[in-house]
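Predicted, not measured: the structure shown is a model, and the values here were computed from it. Naming: A, B, ... by sequence-line order, numbering from 1 per chain.
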Amino acid sequence: MAETDNHPTNFIRQIIEKDLAAGVHDTIKTRFPPEPNGFLHIGHAKSICLNFGIAADYQGTCNLRFDDTNPVKEDIAYVNAIKEDVNWLGFSWDGDVRYSSDYFEQLHGYALELINKGLAYVDFSSQDEMREMRGTLTQPGKNSPYRDTDVATNRREFEKMTAGEYAEGQCSLRAKIDMASPFMCLRDPVIYRVKFAHHHQTGDKWCVYPMYDFTHCISDAIEGITHSLCTLEFQDNRRLYDWVIENISIDCTPRQYEFSRLNLEYTVLSKRRLIQLVEEHHVDGWDDPRMPTIAGLRRRGYTPASVREFCKRIGVTKMDNMVEMSMLEACIRDDLNVAAPRAMAVLNPIKLVIENFPQGQVETLSAPNHPNDESMGKREIAFSRELWIEAEDFREAANKKFKRLVLGKEVRLRNAYVVKAERVEKDADGNVTVVYCQYDPETLGKDPSDGRKVKGVIHWVDATSGEEAEFRLYDRLFNVPNPAAEENFTDVINPDSLVVKKGIVEAGLNENPASGGWQFERTGYFCLDKTSTAALKVFNRTVGLRDTWAKIGD
RNA sequence: UGGGGUAUAGCCAAGUUGGUAAGGCAGCGGGUUUUGAUCCCGCCAUUCGUUGGUUCGAGUCCAGCUACCCCAACCA
């Protein structure tokens, strides 16, 4: 099987290879066609990677086309956000951005052609009457009394519709197909409706707007799309797609192929629900780092490469699926593990005082930016008598499974010396606030010369130079794997999806590194949030480190 | 007997002239390690929704069942 550029093959690529080999097409052309009625999410990333990826791998091109046939739901703000997201993912569309609305004039002409062929009619039935006449899944529908209106009358009525002489809901243009078809979408579907709405692209030029099924196939044909890829719920619609193309005068026959949409555990991936989360303020906005939106993932610290890798790993099939979050997390960890410089931060600080270290002295230590990659260089970090360490890295007593600092025992301070805890100071509640210790000056960069084995290593931040910072730790947005299956999905929102910590970070982390973020050793991958200021740095935890210890418990 | 789809491990997914079940994620052992990380090594489907049939041989072909998803917006 051909695997272009390490892309695993899939049934759609196989169809394309077959078409190319058989000479059905010389070059292939795809399109990514979002409706600008919300932000893009990780499910769209799957479609984007598929469409643009195929174009790139088979020397074809891919258009970005806004499917903007319903002005009341759409907004220019969404078209801008979508363009940004596609670019951020690393893809470039062919030529200018397209809009279905670019073709309103042509679409209107094709509607007229259908009318002239006796294949479309203006129906003055109400929506209720139409539903009544449509029949059910098991019973055929009944013909509308307007179905046999003559061509001339239909032409005149459609022009009146277009001229704004009928109110919204008063009439619609329908394709004349088959009221007894087992495909519900073939039971004389509405192809134009009246809407006195301002359109973000065409302004107030139109008061009739074409429906999706009529628009999409024609837009594809106009643009010379060879393979029109969409999700499974449009499988029935393909019959209508093909019917329209066959019945109008257009010399291009795009083919539609359907793949299954992505489902991710512990989140929701439908625009309707995402919009609800934003509008009801369950989250901070479309780019809230807990959101599965591209903007949310970006702010959370996911890299474009990690999202592309995820899309590659999940594959493309027609099977319904529910992908585990661990799959996504593995992708960002793999990326950041090799690319992110290391640093140290203490999220839940207590004081560590080194009693045999001279008061007022500050030593400069050197620390590698990456333990396995010397080319990433070193940095200087301050070390003095008082440091911050994590509260959970110290215990007054513990068994030997606890490889951290214990009273009377030794531990290695990462990139520094071995220290031995001697005594503690507690607050009124009995919480340890200060640990006093002795350090072994002979242990910088080497093990104790007497052969003592010090297994544990903990991170720290120098108290004289460390900066206070806010750390935002994220967890899954929902408490159940499939919130969409819930009666009311907002009932299962995880109340602890965001935990804010006030801690200390080493100095010098002023802007995100090229990799996108840092690894704060032993605590996870972090990036500076857009709300970060010079006065108070704010870090988002992109994802934690794989934590075997947490699983074992203690 | 409405129609359209899909069934391979906990999850994703290869398998396409029938020849004896890839890979990834997760998990479990072990090694290295100044991150309980990384890295390395090993384990993880006698079986492909199910029941029959054809065949020397079936995940792949045939028939019957079963389960799940989608379709009755002037949404996309």
Side-chain angles (χ1 to χ4, degrees), chain A residues 1 8-11 14 33-35 37 67 69-70 72-73 123 125-127 130-131 134-141 168-174 180-187 189-195 208-209 211-213 215-216 230-239 258 260 265 271-272 312-331 333-334 337-338 342 344 367-368 370-372 401-404 411-416 418 443 445-447 454-459 519-524 544-552:
Chain A
M1 270 317 108
T9 186
N10 59 52
F11 77 100
Q14 290 169 4
E35 181 185 18
N37 65 344
D67 218 342
T69 58
N70 190 358
V72 304
K73 285 190 171 181
D123 197 324
S125 305
S126 69
Q127 260 183 87
M130 277 179 54
R131 182 170 354 99
R134 191 153 32 231
T136 69
L137 295 177
T138 53
Q139 287 165 206
E168 288 186 18
Q170 196 176 350
C171 60
S172 61
L173 182 69
R174 295 227 262 167
S181 173
F183 294 99
M184 296 303 292
C185 65
L186 255 29
R187 317 248 264 225
V190 169
I191 57 176
Y192 261 92
R193 77 288 219 189
V194 177
K195 266 185 204 289
V208 291
Y209 290 95
M211 299 288 287
Y212 163 83
D213 284 299
T215 307
H216 204 94
C230 63
T231 44
L232 249 30
E233 65 269 26
F234 292 99
Q235 288 176 118
D236 286 0
N237 300 252
R238 184 175 69 241
R239 278 70 184 188
E258 311 86 12
S260 55
E265 281 191 343
K271 255 184 214 171
R272 184 210 116 207
K312 185 191 288 189
R313 291 187 191 181
I314 59 175
V316 177
T317 68
K318 300 176 81 129
M319 292 189 258
D320 290 331
N321 60 78
M322 177 69 73
V323 176
E324 291 176 349
M325 199 58 92
S326 63
M327 187 88 92
L328 218 208
E329 293 173 342
C331 294
R333 286 198 188 105
D334 282 357
N337 175 47
V338 308
R342 311 286 121 129
M344 293 196 284
H370 193 113
N372 311 320
K401 282 201 306 186
F402 186 76
K403 306 195 317 186
R404 308 181 190 183
V411 79
R412 159 78 62 183
L413 292 177
R414 178 71 167 160
N415 297 131
V418 167
T443 55
K446 55 182 190 247
D447 288 331
V454 179
K455 283 296 280 182
V457 179
I458 63 172
H459 61 277
Q519 182 197 95
F520 290 160
E521 291 190 274
R522 304 209 313 132
T523 68
L545 261 28
R546 187 165 159 272
D547 191 353
T548 315
W549 170 250
K551 267 174 248 172
I552 296 167

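- Which of A14(B), U35(B), G24(B) sits closest to the side chain of R313(A) comes down to G24(B).
- In this structure, S181(A) does not reach the G3(B) phosphate: none of its side-chain N or O atoms is under 4.0 Å from OP1 or OP2.
- One donor-acceptor pair, N or O on each side, does fall under 3.5 Å between the base of G10(B) and the side chain of E324(A).
- Contacts of M344(A) with the nucleic acid, taken as non-hydrogen atoms under 4.0 Å apart, are absent.
- Following rounding to the nearest Å, M325(A) (CE) and G27(B) (C1') show an atom-to-atom distance of 19 Å.
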Contact state string [nucleotides 67-76 of chain B, B base, S sugar-phosphate only, - no protein heavy atom under 4.0 Å]: --SSBBSBSB

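- The side chain to side chain contact (heavy atoms under 4.5 Å, CB included) test applied to E521(A) returns R342(A), M344(A), R414(A), N415(A), Q519(A), not counting sequence neighbours.
- Between the S181(A) side chain and the F183(A) main chain, a donor and an acceptor come within less than 3.5 Å of each other.
- Listed pair R238(A) / G5(B) meets the phosphate criterion, a side-chain N or O lying under 4.0 Å from OP1 or OP2.
- What separates CD of Q139(A) from P of G3(B) is a distance of 14 Å, to the nearest Å.
- R134(A) is linked by a salt bridge (Lys or Arg N to Asp or Glu O under 4.0 Å) to nothing, counting only residues two or more places apart in sequence or in another chain.
- The listed nucleotides are G24(B), G36(B), G4(B); the one nearest the side chain of Q235(A) is G4(B).
- Checking G36(B) for Watson-Crick or G-U wobble geometry (two distances, each under 3.5 Å) identifies no partner in any strand.
- Side chain of R546(A), nearest nucleotide from U8(B), A37(B), U35(B): A37(B).
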